[in-house]
Amino acid sequence: MKQLLQWTIIIPALAWILFFSGLVDNSSFFQIVASILLILSVMSAVHHSEIIAERVGEPYGTIILAISITVIEVSIIVSLMLSEGSAAASLARDTVYAATMLILNGIIGLCLLIGGLKHYEQNFSVSSVTIGLVSLVSIIVFTLVFPTFTESVKGSYYSIPQLVFASGACIIIYASFLFAQTTRYRQYFLTIGDDENEEIAEPILINNKTFYTSLIFLVISLGIVVLLAKTLSPTIESIIVSYHLPKTLVGVVIAAIILLPEAIAAIIAARKNRLQTSINLALGSALASIGLTIPSVAAVCIYMDMPIILGLDIKSIVLLALSVFTVMLSLSKGKSNIVYGVVLLVNLFAFVFLMIYP
């Protein structure tokens, strides 16, 4: 009973009750309450993911969080595409692009900056970064770049055979990455070497009841985060439009909310001098976001005979290439530096700025 009265369980439950009550739709007051509960539900998800990670160990804990959020991300994209039809043809591309830019520049940039400010310099495995970035670059090119230049279909589309091939390539690459991360080269993804600054804590014993409770409420917390984000998106859109800002910013805001649990978990790990865990979360999330989302949405679009726009415009391709190239250079030596974090955050600000002032 004591465990069920913890705030990390009460808050998501209250958020679900508020969501099903319907009060959020017509009341500014309850929309504010929903926003507060949304943020607290994000904190709840981070808490439960840390408990799960402590029990199952790395890198399985980061994989569980990344895949959980990606599954919910796919659900919201598919539901919006089914409800809006052809008007949402570019939704999957825009969401995945925004999530990738936020992960590469925002999450990794903040982890390098905050970890560097506190610990001066942090170590991580170059081999794990290389495996992640090689997989990520290939998936990005297959899904977000090639459709702009193919000739089978006019516009930023894939033909059905091309879409099937790209989806299969994403699944194969992501599956091989998971095999390397969990089995063949698992040692690359574990926190390496102790230094004088590392914070060493005694392992926490997690019993079965706590573990399964956290597993259930991780899903519950992530679910209500996405549902409330979707419910509040018209309000967010109206606020953005009232300031004469582009509607594409709504997708960035929603992606940021969905990625909050991973971002907070990664930053906390960096502050504890476990930058390897932060990088596992960031690169794993980026790979899952593209490698699982695009094939899932593509399967629905093929089955429902719905159009799907995947190719980015040239400006977005250049920004994405700059982000990937900067991350590759920043993580090439196995040691962190606050300058790398600052540059990545500037890339993120450029992404948002050029969206507002194209």
Side-chain angles (χ1 to χ4, degrees), residues 39 41-54 56-70 72-73 98-119 121-126 128-129 131-133 135-136 177 181 188-192 197-199 201 214 218 221-222 225 252 255-290 323-324 326-328 330-331 334-338 340-345 347-348:
I39 301 300
S41 295
V42 168
M43 301 300 295
S44 173
V46 173
H47 170 78
H48 292 300
S49 68
E50 288 181 335
I51 290 176
I52 293 169
E54 191 71 34
V56 302
E58 288 296 335
Y60 300 105
T62 57
I63 292 172
I64 290 172
L65 181 58
I67 292 181
S68 298
I69 291 177
T70 303
I72 296 173
E73 179 185 1
T100 303
M101 294 295 285
L102 288 170
I103 291 168
L104 292 180
N105 297 304
I107 296 180
I108 294 181
L110 280 172
C111 289
L112 292 177
L113 178 60
I114 293 173
L117 288 173
K118 183 171 183 181
H119 300 286
E121 191 176 76
Q122 295 175 293
N123 299 323
F124 55 88
S125 167
V126 176
S128 69
V129 170
I131 291 173
L133 288 177
S135 304
L136 183 61
F177 170 79
Q181 189 179 29
Y188 294 163
F189 297 86
L190 302 178
T191 300
I192 61 171
N197 295 320
E198 186 160 13
E199 298 176 7
S214 290
L218 172 63
S221 299
L222 293 175
V225 165
V252 177
I257 293 172
I258 293 173
L259 290 171
L260 262 180
E262 290 171 312
I264 295 174
I267 291 170
I268 289 174
R271 280 183 55 82
K272 293 180 178 179
N273 208 16
R274 289 160 47 199
L275 187 60
Q276 183 64 54
T277 298
S278 302
I279 293 173
N280 290 348
L281 265 171
L283 295 182
S285 298
L287 278 163
S289 180
I290 306 177
S323 301
V324 173
T326 307
V327 170
M328 291 176 68
S330 300
L331 303 180
K335 291 184 180 295
S336 68
N337 187 307
I338 61 171
Y340 304 152
V342 171
V343 173
L344 288 171
L345 291 174
N347 289 348
L348 178 63

Chemist: Does the side chain of Ser128 come under 3.5 Å of the side chain of Gln276 through a donor N or O and an acceptor N or O?
Modeler: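 A pair is found: one side chain offers a donor N or O, the other an acceptor, under 3.5 Å apart.
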Chemist: Assess the residue pair Leu283 and Ile108 against the criterion (side chain to side chain contact (heavy atoms under 4.5 Å, CB included)); give the C-alpha distance rounded to whole Å, side-chain angles, the decisive distance to 0.1 Å, and a yes or no.
Modeler: CA-CA 9 Å; Leu283 295 182; Ile108 294 181; 4.1 Å; yes
Chemist: Working to the nearest 0.5 Å, report the span between CG of Leu222 and OG of Ser44.
Modeler: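 Atom-to-atom, Leu222:CG and Ser44:OG are 9.0 Å apart.
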Chemist: For a side chain to side chain contact (heavy atoms under 4.5 Å, CB included) check, start with the C-alpha distance between Leu331 and Val126, then their side-chain angles and the critical distance, and finish with the verdict.
Modeler: CA-CA 7 Å; Leu331 303 180; Val126 176; over 6 Å; no
Chemist: Keeping Glu262 on the side-chain end and Ala282 on the backbone end, is there a donor-acceptor pair under 3.5 Å?
Modeler: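 Looks like no, no N/O pair under 3.5 Å.
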Chemist: Within this structure, what is the CZ-CZ distance for the pair Phe177 and Phe189, rounded to the nearest 0.5 Å?
Modeler: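 If I round to the nearest 0.5 Å, the distance is 4.5 Å.
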Chemist: Taking all atoms of both residues into account, what is the closest heavy-atom pair of Ala266 and Ser278, and its distance?
Modeler: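 Taking every non-hydrogen atom into account, O-OG, 2.6 Å.
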Chemist: Any chance you could lay out the side-chain hydrogen bond (donor to acceptor under 3.5 Å, both in side chains) test for Ser323 and Asn105, step after step, and finish with the verdict?
Modeler: CA-CA 7 Å; Ser323 301; Asn105 297 304; 2.8 Å; yes
Chemist: Could you grab the distance from atom CG of Asn273 to atom OG of Ser336, nearest 0.5 Å is fine?
Modeler: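 Answer rounded to 0.5 Å: 8.0 Å.
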Chemist: Roughly how far, to the nearest 0.5 Å, is the NE2 atom of His47 from the CD1 atom of Ile52?
Modeler: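 NE2 of His47 is found 10.0 Å from CD1 of Ile52.
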Chemist: Run the side chain to side chain contact (heavy atoms under 4.5 Å, CB included) check on Arg271 and Ile114 step by step: do they pass?
Modeler: CA-CA 7 Å; Arg271 280 183 55 82; Ile114 293 173; 3.5 Å; yes
Chemist: Within this structure, what is the CD-NZ distance for the pair Gln122 and Lys272, rounded to the nearest 0.5 Å?
Modeler: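 That separation rounds to 13.5 Å.
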Chemist: With a 4.5 Å cut-off on side-chain heavy atoms, are Lys335 and Asn123 touching?
Modeler: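 A side-chain contact exists here, since the closest heavy-atom pair is under 4.5 Å.
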Chemist: Determine whether Cys111 and Leu275 satisfy the following criterion, side chain to side chain contact (heavy atoms under 4.5 Å, CB included), listing intermediate values before the conclusion.
Modeler: CA-CA 7 Å; Cys111 289; Leu275 187 60; 4.1 Å; yes
Chemist: Minimum heavy-atom separation for Leu102 to Ala256, with atom names?
Modeler: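 For Leu102 and Ala256, the tightest heavy-atom pair comes out as CD1-N, 3.7 Å.
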Chemist: Given Leu136, which of Ile103, Ile131, Leu287 fulfils the side chain to side chain contact (heavy atoms under 4.5 Å, CB included) condition?
Modeler: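 So, applying the side chain to side chain contact (heavy atoms under 4.5 Å, CB included) to Leu136 and each of Ile103, Ile131, Leu287, only Leu287 qualifies.
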Chemist: Let me know which of Leu344, Leu345, Ile338 forms a side chain to side chain contact (heavy atoms under 4.5 Å, CB included) with Leu112.
Modeler: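 That would be Leu344.
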Chemist: What's the shortest heavy-atom distance between Leu218 and Ala45, and which atoms?
Modeler: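 What the structure gives for the nearest pair is CD1-O, 3.5 Å.
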Chemist: Is there a side-chain contact between Leu260 and Ile39 in this structure, where contact means two heavy atoms from C-beta onward sitting under 4.5 Å apart?
Modeler: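 In short, these two side chains touch, coming nearer than 4.5 Å.
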Chemist: Ignoring hydrogens, what is the shortest heavy-atom contact between Gly106 and Leu348? Give both atom names and the distance.
Modeler: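 Minimum heavy-atom contact is CA-CD2, 3.7 Å.
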Chemist: Do the side chains of Val129 and Ile279 get nearer than 4.5 Å, heavy atoms only?
Modeler: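 Result yes, sub-4.5 Å side-chain heavy-atom pair found.
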Chemist: Measuring from Thr277:OG1 to Ile268:CD1, what's the distance to the nearest 0.5 Å?
Modeler: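 So the gap between those two atoms works out to 12.0 Å.
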